[in-house]
Amino acid sequence: MDIEEVLELADHLIFTKTGKHLDHLQQAILRGTIQNCTYSEIAEDHYASESHVKWVGSELWKMISEELGETVKKSNFRAIFEKGKIYKNKISSAIVGETVTVHHINICSESERAKAQQQKQSHLNDPEITPNQPYIDLNDAPKITKFYDRTQELSTLEKWIIEDGVQLITLLGLSGIGKTTLSLHLIDEIKTNFDYIIYRSLGFAPTLDETLTNLLEIFGNPDKIEIPLKLETKLSQLFNYLRQYRCLLILDDIQMLFFEGQLAGHYQSGYENYQLFYKKIAEVCHQSCVILNSWEKPREIEKIEFENLPVRTLILGSLGLAAQNIFRDKNLSNPETWDILINTYQGNPLWLGMIATLIQELFNSRVTEFLYYDEPILCDSLQEQLKLHFQRLSPQEKTVITVLSHSSEIMNLQSLATQTKLSNSELLNTIQSLIRRFLVVREEQDNVTFFIVNPLLKEYVKKI
Ligand SMILES: Nc1ncnc2c1ncn2[C@@H]1O[C@H](COP(=O)(O)OP(=O)(O)OP(=O)(O)O)[C@@H](O)[C@H]1O
Ligand SMILES: [Mg+2]
């Protein structure tokens, strides 16, 4: 059974009945049904609630049944559509003013498509009738299986986006702290406010030109995609869409656009024009929001924030007590000691998960036995994570981190200057960059500022 062909047939039925094409969720339900997935599995894949998916499903079956004059349900959809040819003929007879052949089922004429597109646009532009089913394209987004707490962060983001009309948000934090998970979960909470929701990882460092092309393909007419050649035209076309539709655009793994081995937030050559893109997102008037997830804050964002534009930054920290659920899921013992683990591993869900696995495998889930060791234990996978951060540092940053890690005393600027032999300005820039990477924090004691290195990175550096 050719899924795409069945989807096209079903799309045609729905279009004939409603003048609208299948939306993203309806397509997912049909796909899932053909692949024998349950509503709950479809809901999970689609970040929607099961009850909502069931409701959309039942409306869909009703419309298809009415068009075909035969009861169609989730349980018999496959069987009915397997008799494809019969239904292609039935469908063709249902089309007014169109000639359809059995083997050519691209039935919608250009004029009809244009009409549908117009209908869709006027529909979406009218706030009264904005459909609560946005077009969601999560492409390469990871699947969220568990999600704990982050209530405060979610309500902050929701307020910024929905109430305050913030156009550009930077979500920052160390690897594994939960930026991707949070931003994907946010979709579920606010999706009814949007026409388009798009997630893209920039992990493989696409150029701005490639990213824009990729985004424009989503908005364009799939049968007639005309992507302009010039970058400026692409940019202005994208901004037309951001004005015309309410879009939530999540761009993940932004740090991959930056240089390794230099201070934080410097774009690699060929990627500098992303600065202009982000700046325009903040400056230009539109009704959309872009979220950037990153380990490092892009430098231009600070300047934009300074200009009082609709821009905000959220730094994601510890998952807090909710991280206990991670241990519960792993069936760890000694719950009275779990807080120690959460503190030691900084409430980082990824790191806590790795340590929980180690405790399961080596200590038969007994946390007290694991805590017998004085220093924080870095399992191999956690070392790999810390290495990723360490490798990105500039030579001066590595020097400062190494000095801080090997010192038994906490250090201030003076002691760091003596030991690192960096010039004052070099040292200040280096420390500022390390703070921007969340690898060093400031601590005030008796009116003196001290700099503290992340304790787990310290353990890592001591061992290399
Ligand atoms: N709120 C949460 N509840 C449960 N698990 C979570 C939560 N947040 C994150 N996790 C888990 O922690 C792991 C890391 O999360 P995630 O990938 O979102 O981190 P990240 O900050 O995007 O990391 P990176 O910067 O490396 O991409 C994932 O396995 C995810 O399932
Ligand atoms: Mg991520």
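Start at 1 and go down the list; that is how both ligands and their atoms are numbered. Just so it is clear, the structure is predicted and the values come from calculations on it, not from any experiment.
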Y241 and Y245 aromatic ring geometry - parallel, tilted or perpendicular at 30°/60° bounds
parallel

Is the Y267 to F259 ring centre distance short of 6.0 Å?
no

Describe, in one word, how the ring planes of F370 and F363 are oriented to each other, choosing from parallel (under 30°), tilted (30 to 60°) and perpendicular (over 60°).
perpendicular

Ring of F390, cation from K398 - is the NZ or CZ under 6.0 Å from the centre and inside 45° of the axis?
yes

Where ligand 1 meets F147 - atom numbers and elements under 4.0 angstrom, heavy-atom basis:
1 (N), 3 (N), 4 (C)

Has T180 got an N, O or S atom lying less than 2.8 Å from the Mg ion (ligand 2)?
yes

Using a strict cut-off of 4.0 Å, indicate which atoms of ligand 1 neighbour a heavy atom of I177.
19 (O), 21 (O)

Counting only heavy atoms, tell me which of L171, L154, T181, I254 gets closest to atom 31 (O) of ligand 1.
T181

Are any of the N/O atoms in G176 less than 3.5 Å from those in ligand 1?
yes

Can a salt bridge be assigned to the pair E459 and K463 using a cut-off of 4.0 Å between side-chain N and carboxylate O?
yes

Nearest protein heavy atom to atom 19 (O) of ligand 1, by residue and atom, and its distance?
G178 N, 3.1 Å

Presence of salt bridge, R392 and E296, under 4.0 angstrom:
yes

Is atom 29 (O) of ligand 1 less than 4.0 angstrom from some protein heavy atom?
no

Measure the distances from the heavy atoms of D253 to every atom of ligand 1 and state whether one is below 4.0 angstrom.
yes

Pairs of nitrogen or oxygen atoms closer than 3.5 Å, one from R150 and one from ligand 1: do any exist?
no

Is there a polar contact, in the sense of an N or O pair closer than 3.5 Å, between P349 and ligand 1?
no

Hey, which atoms in ligand 1 end up nearer than 4.0 Å to a heavy atom of W295?
24 (P), 25 (O), 26 (O)

Distance in Å, K280 NZ paired with L168 CG, rounded so as to fall on 0.5 Å steps
14.0 Å

Taking both backbone and side-chain atoms of T180, is any N or O found less than 3.5 Å from an N or O belonging to ligand 1?
yes

To check your reading of the model: name the closest protein heavy atom to atom 2 (C) of ligand 1, its residue, and the distance in Å.
Y148 N, 3.5 Å

For atom 26 (O) of ligand 1, what is the closest protein heavy atom, and at what distance to 0.1 Å?
S175 OG, 2.9 Å

Electrostatic pair K179-D252, nearest N-O below 4.0 angstrom:
no

Taking N or O atoms only and a 3.5 Å limit, does K179 qualify as a polar contact for ligand 1?
yes

Are any of the side-chain heavy atoms of T233 and Q237 separated by less than 4.5 Å?
no

Here's a test for you: under side-chain contact (heavy atoms from CB on, under 4.5 Å), which of L25, D23, L30, T33 qualifies with L60?
L30

Is it the case that over 12 heavy atoms from other parts of the model lie below 6.0 angstrom from the NZ atom of K297?
yes

Just to check, does D149 reach to within less than 4.0 Å of ligand 1 when the distance is taken from its heavy atoms?
no

Looking at atom 5 (N) of ligand 1, what's its closest protein heavy atom, distance included?
K146 O, 3.8 Å

Could you list which atoms of ligand 1 come closer than 4.0 Å to a heavy atom of L319?
1 (N)

